[in-house]
Structures are given as structure tokens and as C-alpha cells.
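These notes concern the structure reproduced below.
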Amino acid sequence: SFTMNMYLFIYDLMQFCGHSWIFTNMIIRFMTFGKDSLADTFHSIGLVMRLCQLLSVLEILHILIGIDKSRLLPRFLQIMERIIVLFVVINSQEEVQGKYIVCVLFFLWNLLDVVRYTYNMLARMELYYLPLTWLNFSLCIPLYPLSVLAKGFAIYVSLPYFESFGTYSIKLPFPFTFSIYFPYVLKIYLLVLFAGMCFIIQNLFSERMAHLGTSNMKNKRS
């Protein structure tokens, strides 16, 4: 309906503005301060980044109620990957926040999202431009695996701090005889992360073939 389409347009516009601000801020800071800006990335843009990622949880709801026709499982995995790495790993360990890998990760996320939300906004208005369509469904194929590698490395560098500080590790009181050692949970999650990457990449290729094929047909008709 028109109301739902307008709501989705406003949602995409909000995400576009947030990620565009982050992306522009990162570039300007790097051009101004050089490498010194990399260590301060989280402190300068972390709040807006967290707000944008929390807002992205709505995309799962959009699919569940049927106003977004995207596949649920791939989108759910992509969103939860970011939520876990951003809030559980990076946000909880101040020592990790100053690592260069955080800047690399944020750059990849925002580059992908600026393109994706631009495409989504125009699609809500039935506007399709082949270069933008091609970029939206092609750029994610090389950049998503790179972002997964960056997530994996961020988790890897966080492990010593989780081991030292015992963050999220739980030792259950008597009569329970087991405890949850969070670094082991993260190591298991690393395996899940890379296994899920294969599934999501396959879905990205499928989406690319479907949408680029549709765009080519529309261009031929026009």
C-alpha cells in the first residue's frame, strides 16, 4: 500500500542519512588527521553507528509482517552478525575500540549501506538505474567476505581482553558444576560466522542474477 511504501521510504531515508554521515565523517577525519583518526573512530561515530544498527533490527520485522519481500534467514544473519560484533565484542571492550580493525569494519559496513539504502529509496519510487542496480548487487559480493574477515579479526583481537577481564564469563553457584567461559563461546561463534558466510554469499549471487536480469529486461522494454 501507499502508506507502507512511504513508511519504508522514510526508514530507508533515515538509514541513508545516518550511514552517509558516518561515511563522510570517516573520510573527512582521515583526510584531516591521517592515521591518528583511525584509533578514535569508535569514539567519534560509535553512537550513530549503534543507533543505525539497532534501527536495522526493524528490517527483520518488515520481512516477518510481509512488507519487505527479502528472504528472512540471510537478512537475519547479516543483521545479527553486526549486532553481536558491535555490541558484544567492540562496545564491551574499550581496548578493542581503538584498534584499526574497527575503522576498517565501519568503512566496509557504511560503504555497503550507503549504496544499499540509496537503491532502496529509489526502488520505493519505482526508479531503477542500471549502474546503481549493478553496484548494489555487485559491490556486496567482494565486500561482504571482507567484512566477515574483519569481524573475525575483531573477535580474535578481543579474545585476550575477554580472558583477562572475564567479561560475560559466568561461574554458576553450587549445586551447579559448570561455568560459561565466554572466550570459548566467541571461538565457536567464529566457526558459525564463516559457515554462515558461505550461505549468505550464495544468496547474494542469487539476488544479483534475479535483479540484474529484471533490470536488463526493463531497459530493453524501455
Side-chain angles (χ1 to χ4, degrees), residues 4 7-23 41-42 45-92 96-97 101-121 123-124 136-155 158 168 185-186 188-208 210-211:
M4 288 295 98
Y7 161 74
L8 290 173
F9 177 84
I10 294 172
Y11 168 80
D12 291 329
L13 178 61
M14 292 174 60
Q15 287 283 35
F16 170 79
C17 291
H19 288 289
S20 296
W21 181 87
I22 295 171
F23 192 68
T41 296
F42 185 84
I45 65 173
L47 176 60
V48 181
M49 192 71 198
R50 280 172 282 180
L51 290 174
C52 287
Q53 295 308 314
L54 284 176
L55 193 61
S56 70
V57 176
L58 287 175
E59 296 179 27
I60 300 174
L61 179 62
H62 296 164
I63 299 173
L64 288 174
I65 64 178
I67 62 175
D68 187 340
K69 302 305 180 183
S70 302
R71 295 179 62 189
L72 176 61
L73 184 57
R75 195 75 200 110
F76 174 81
L77 291 176
Q78 288 176 291
I79 291 172
M80 294 312 299
E81 285 174 7
R82 293 189 181 189
I83 294 292
I84 291 172
V85 172
L86 179 59
F87 287 93
V88 177
V89 176
I90 299 175
N91 190 62
S92 67
V96 178
Q97 296 169 10
I101 191 61
V102 175
C103 182
V104 173
L105 192 57
F106 283 8
F107 181 85
L108 292 173
W109 285 355
N110 286 282
L111 177 57
L112 286 168
D113 285 339
V114 167
V115 174
R116 184 165 71 90
Y117 289 114
T118 302
Y119 171 83
N120 287 347
M121 282 192 299
R124 308 298 178 197
N136 181 60
F137 292 102
S138 300
L139 188 64
C140 56
I141 292 175
L143 291 192
Y144 174 71
L146 288 178
S147 72
V148 172
L149 290 175
K151 293 171 197 171
F153 189 75
I155 293 173
S158 73
Y168 301 133
V185 176
L186 287 178
I188 294 172
Y189 178 68
L190 278 174
L191 299 177
V192 176
L193 184 66
F194 285 102
M197 178 183 70
C198 300
F199 169 74
I200 293 175
I201 289 176
Q202 183 180 12
N203 183 72
L204 292 175
F205 272 107
S206 299
E207 287 187 342
R208 185 179 186 275
H211 286 83

Hey, what's the ring geometry for His211 with Tyr119, parallel, tilted or perpendicular (30° and 60° as the breaks)? perpendicular

Could you give the distance from CH2 (Trp109) to CZ (Arg82), rounded to the nearest 0.5 Å? 6.0 Å

With a cut-off of 6.0 Å (strictly less than), are more than 12 heavy atoms of other residues, nucleotides or ligands near CZ of Phe23? yes

For Leu54, what residues pass the side chain to side chain contact (heavy atoms under 4.5 Å, CB included) criterion, not counting sequence neighbours? Phe87

If you count the non-hydrogen atoms of other residues, nucleotides and ligands that lie under 6.0 Å from CZ in Phe205, is the total more than 12? no

Suppose we screen for salt bridge (charged side-chain N to carboxylate O under 4.0 Å, His left out). Which residues come up paired with Arg116, at least two apart in sequence or across chains? Glu59, Asp113

Any pair counted as side chain to side chain donor-acceptor pair (under 3.5 Å), so long as it reaches residues 45-56, sequence neighbours left out: Arg50-Asn91

Residue set satisfying ring-ring contact (aromatic ring centres under 6.0 Å, His included) with Tyr11, at least two apart, ordered chain then number -> His62

The residue among Val114, Asn120, Val115 that forms side chain to side chain contact (heavy atoms under 4.5 Å, CB included) with Phe16 is Val114

Tabulate below the donor-acceptor pairs under 3.5 Å that side-chain atoms of residues 144-151 make, not counting sequence neighbours, or state none.
residue	atom	partner	partner atom	Å
Tyr144	OH	Glu81	OE1	3.1
Tyr144	OH	Glu81	OE2	3.0
Ser147	OG	Tyr144	O	2.6
Lys151	NZ	Glu81	OE1	2.6

Test side chain to side chain contact (heavy atoms under 4.5 Å, CB included), reference Ile79, set Ile60, Ile84, Leu58, output is Ile60

All side-chain hydrogen bond (donor to acceptor under 3.5 Å, both in side chains) counterparts of Asn136, not counting sequence neighbours: none

